[in-house]
Amino acid sequence: VPELRGSSGEAPDHLLTRWFGTPGLHTLDVYESKGGYAALRKALFDMAPADITNEVKTSGLRGRGGAGFATGVKWSFINRDAPGPKYVVVNADESEPGTAKDRYILENSPHMVVEGILIAAYAVGANQAWVYIRGEYDEPYRMLTEAIEEARAKGYIGPKPMGKDYPLDIRMYRGHGAYICGEETALLESLEGKRAQPRSRPPFPAVKGAWGRPTLLNNIETLATVPAILNLGGADYARLGTAKNPGTRLLTVSGNVRKPGVYEVEIGKTFRHVIMELAGGPPEGRKVKVFWPGGSSAPVLPESMLDVTCDAEALAAAKSMGGSGGVIVMDDSHCVVEAAHRLLKFYAHESCGKCTPCRIGQDWAVRTYERILANEGSQIELDTLQRVSDGLQNGRALCGLGDSGGWVIDSTMRHFRDEYEDHALRHECNVGKVAISA
Amino acid sequence: LSALSEHILEEIRNLPARYPQPRSAVMPALDLAQEEIGYLTPEAMSEVASALRLDAGYVQGVASFYTLFHLEPIGKHRFYVCTNLSCMIRGAYQIVDHLKGAIGVTRPDEISTDGLFSYEEVECLGACEYAPMLRLDHSYHYDLTNDAIDQLVAERKSGQVAVAEKPRTRRAPRKKAGA
């Protein structure tokens with residue numbers, strides 16, 4: 001068992017992680033002794049399904065997978081009265097570079113996830129949930145599978161969960177290595193046994209999702225937050241965080257920091273607090289140069305913007321986004337152009353090939369970066385990058401993977417134009433000496 | 001002579017019933033095939049296809065999309081080294097260089113002469129707080145150093161560590177309530 005790196009223990013802003021670190025928390029007995037499964041009991045016996053959805057709406061919870069859509073509103077899109085099967089599909093395909101929080105939750109408290117899934121299924125009128133978990137997550141897969149079996153043996157999953165006459169089941173499905181499966185319609189294709197290429201919308205999954213049926217898709221962290229919302233009450237949950245982006249969320253802080261980890265913070269804290277205090281700041285003698293505030297797809301922010309807060313509105317105003325909460329920190333010993341090149345290689349590799357702008361554009365960007373980094377660049381390459389970046393964005397690609405590559409190019413060029421010009425025009429790298437343009 | 005054993009094919013034929021629609025069985029079926037013979041040969045994929053009553057080309061199309069399906073032979077032990085940004089800036093490429101020397105290969109997918117090892121560079125594995133990290137067969141290894149790599153290699157060369165068993169999608173035996 002590796003050492004826990006991140007939040008654990010009682011604290012006012014530890015809604016999800018307060019019991020993390022408790023020996024045996026992954027077992028049903030210990031989870032329940034801490035108050036676990038009280039929210040499921042409350043949902044099944046004291047609340048009508050519509051009340052549960054309303055409570056989640058009141059909480060203001062927004063999806064923690066990346067898009068940040070209002071969770072309660074998403075739940076209300078499922079027509080409970082539609083005849084035939086409906087599904088909950090759980091996105092455990094965590095693959096956004098710099099993001100490890102779903103793994104952190106699954107390895108510490110799998111029953112919290114089980115409880116959230118069961119509540120969501122009951123609320124939207126589904127009897128079966130499918131957890132799509134990335135294939136590399138062997139240990140989280142094992143732990144969640146064991147938690148499901150424990151809950152089944154205890155009678156919390158089955159034909160009459162806790163005695164309630166409403167069948168609930170949770171099944172597992174393993175992914176096989178494809179970043180695109182984090183995109184919800186690509187995930188559905190994969191779950192149906194196909195190449196994971198995103199679907200055109202409409203129809204939306206709420207109407208026609210998994211196996212052609214109405215489907216609710218939520219991320220692991222989103223569902224793990226649901227028990228806390230029912231226990232506290234939506235209104236009390238909404239007192240945490242900002243007015244438009246309430247609650248707490250788990251930020252994975254990685255890269256050049258002294259204490260990398262998964263930190264649960266009240267939304268609205270500054271990145272200075274997250275990076276410099278919680279994660280201990282950069283190594284001795286180094287300075288933060290740049291950070292990705294929400295996974296590699298979130299446009300970068302320079303050190304001068306450390307006081308931006310981590311809520312969706314503040315990040316949008318800073319031309320970035322909260323995304324998956326993956327905070328990647330890079331210090332002044334690293335070159336931004338090389339980092340951008342590495343990320344474009346990632347997006348090119350993971351492009352599913354279905355739409356032309358993304359399939360061609362990401363690859364074009366990689367080749368342009370290669371020329372620049374081989375000291376074969378000129379103004380032409382800089383213009384090409386700008387043009388390719390534009391071609392990837394603004395709805396030209398079928399899904400967000402296209403935009404993401406474009407944002408990396410666009411944001412690194414916007415904040416670090418000097419570094420690009422050093423490489424492309426002067427064929428030199430001045431890392432460590434470069435002033436950061438605002 | 002078939003590529004896959006009869007009991008694996010039987011298991012594959014039983015998979016579709018577990019899903020709302022039978023096609024969902026294709027990846028679990030390919031898993032079983034790959035586990036049995038190490039990688040997916042065209043013959044194995046054809047046998048999976050006929051066991052599932054799917055077109056062979058369709059099954060190959062699915063297999064070729066996902067990085068965890070291997071269409072070429074791999075070493076007995078496979079290193080999947082994360083080189084994405086969080087690991088890169090903590091030295092992942094130096095780890096890759098050291099690993100190549102330690103297992104005696106010059107490029108990804110090359111199998112060491114003793115057949116024991118191969119490696120590939122992979123994208124983010126979701127354990128960024130432990131960077132640099134890698135997945136070896138079916139387990140994660142954290143805070144990598146050259147010494148740690150040497151130890152992982154030595155343990156497997158000496159036969160101390162067999163391939164970690166993969167968690168199965170099969171349901172664990174049900175425990176009785178209160179047991």
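Labels below follow one simple rule: chain letters A, B, ... track the order of the sequence lines, proteins then strands, and each chain is numbered from 1. The shown structure was predicted, so the numbers you read here are calculated from the model rather than taken from an experiment.
The main-chain N or O of D31(B) is never found under 3.5 Å from a side-chain atom of R174(A) such that the two would form a donor-acceptor pair. Judged by distance alone, the side chain of Y140(B) and the main-chain N or O of E139(A) form no donor-acceptor pair under 3.5 Å.
The nearest pair of heavy atoms linking F69(B) to H176(A) is CZ-CD2, 3.3 Å. S139(B) approaches D138(A) most closely through the heavy-atom pair N-OD2, 4.4 Å. Of all non-hydrogen atoms in A196(A) and F65(B), the two that sit nearest each other are O-CZ, 3.2 Å. In this structure, E192(A) and S24(B) approach most closely via the heavy-atom pair CA-OG, 3.5 Å.
Atom CD of E94(A) is separated from atom SG of C124(B) by 8.0 Å, given to the nearest 0.5 angstrom.
Annotation: side-chain contact (heavy atoms from CB on, under 4.5 Å) contacts of A126(A) (sequence neighbours excluded): K86(A), V88(A), A121(A), V124(A).
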Could you tabulate the donor-acceptor pairs under 3.5 Å formed by side-chain atoms of residues 81-93 of chain B, not counting sequence neighbours?
{"from": "T83(B)", "atom 1": "OG1", "to": "R342(A)", "atom 2": "NH2", "distance (Å)": "2.9"}
{"from": "N84(B)", "atom 1": "ND2", "to": "E123(B)", "atom 2": "OE1", "distance (Å)": "2.8"}
{"from": "S86(B)", "atom 1": "OG", "to": "S254(A)", "atom 2": "OG", "distance (Å)": "2.7"}
{"from": "R90(B)", "atom 1": "NE", "to": "A131(B)", "atom 2": "O", "distance (Å)": "3.2"}
{"from": "R90(B)", "atom 1": "NH1", "to": "G255(A)", "atom 2": "O", "distance (Å)": "2.5"}
{"from": "R90(B)", "atom 1": "NH1", "to": "V257(A)", "atom 2": "O", "distance (Å)": "3.3"}
{"from": "Y93(B)", "atom 1": "OH", "to": "R342(A)", "atom 2": "NE", "distance (Å)": "2.9"}

N/O donor to acceptor pairs below 3.5 angstrom from side-chain atoms of residues 94-104 of chain B, sequence neighbours left out:
{"from": "H98(B)", "atom 1": "NE2", "to": "N146(B)", "atom 2": "O", "distance (Å)": "3.4"}
{"from": "H98(B)", "atom 1": "NE2", "to": "D150(B)", "atom 2": "OD1", "distance (Å)": "2.7"}
{"from": "H98(B)", "atom 1": "NE2", "to": "D150(B)", "atom 2": "OD2", "distance (Å)": "3.4"}

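Residues of residues 42-63 of chain B lying within less than 4.5 angstrom of chain A, judged on heavy atoms, are Y58(B), G61(B), V62(B) in numerical order.
With E129(B) as the fixed residue, the salt bridge (charged side-chain N to carboxylate O under 4.0 Å, His left out) test singles out one of K101(A), R5(A), R103(A): R103(A).
Counting heavy-atom pairs closer than 4.5 Å to chain B, the top residue among P140(A), P97(A), A210(A), A178(A) is P97(A).
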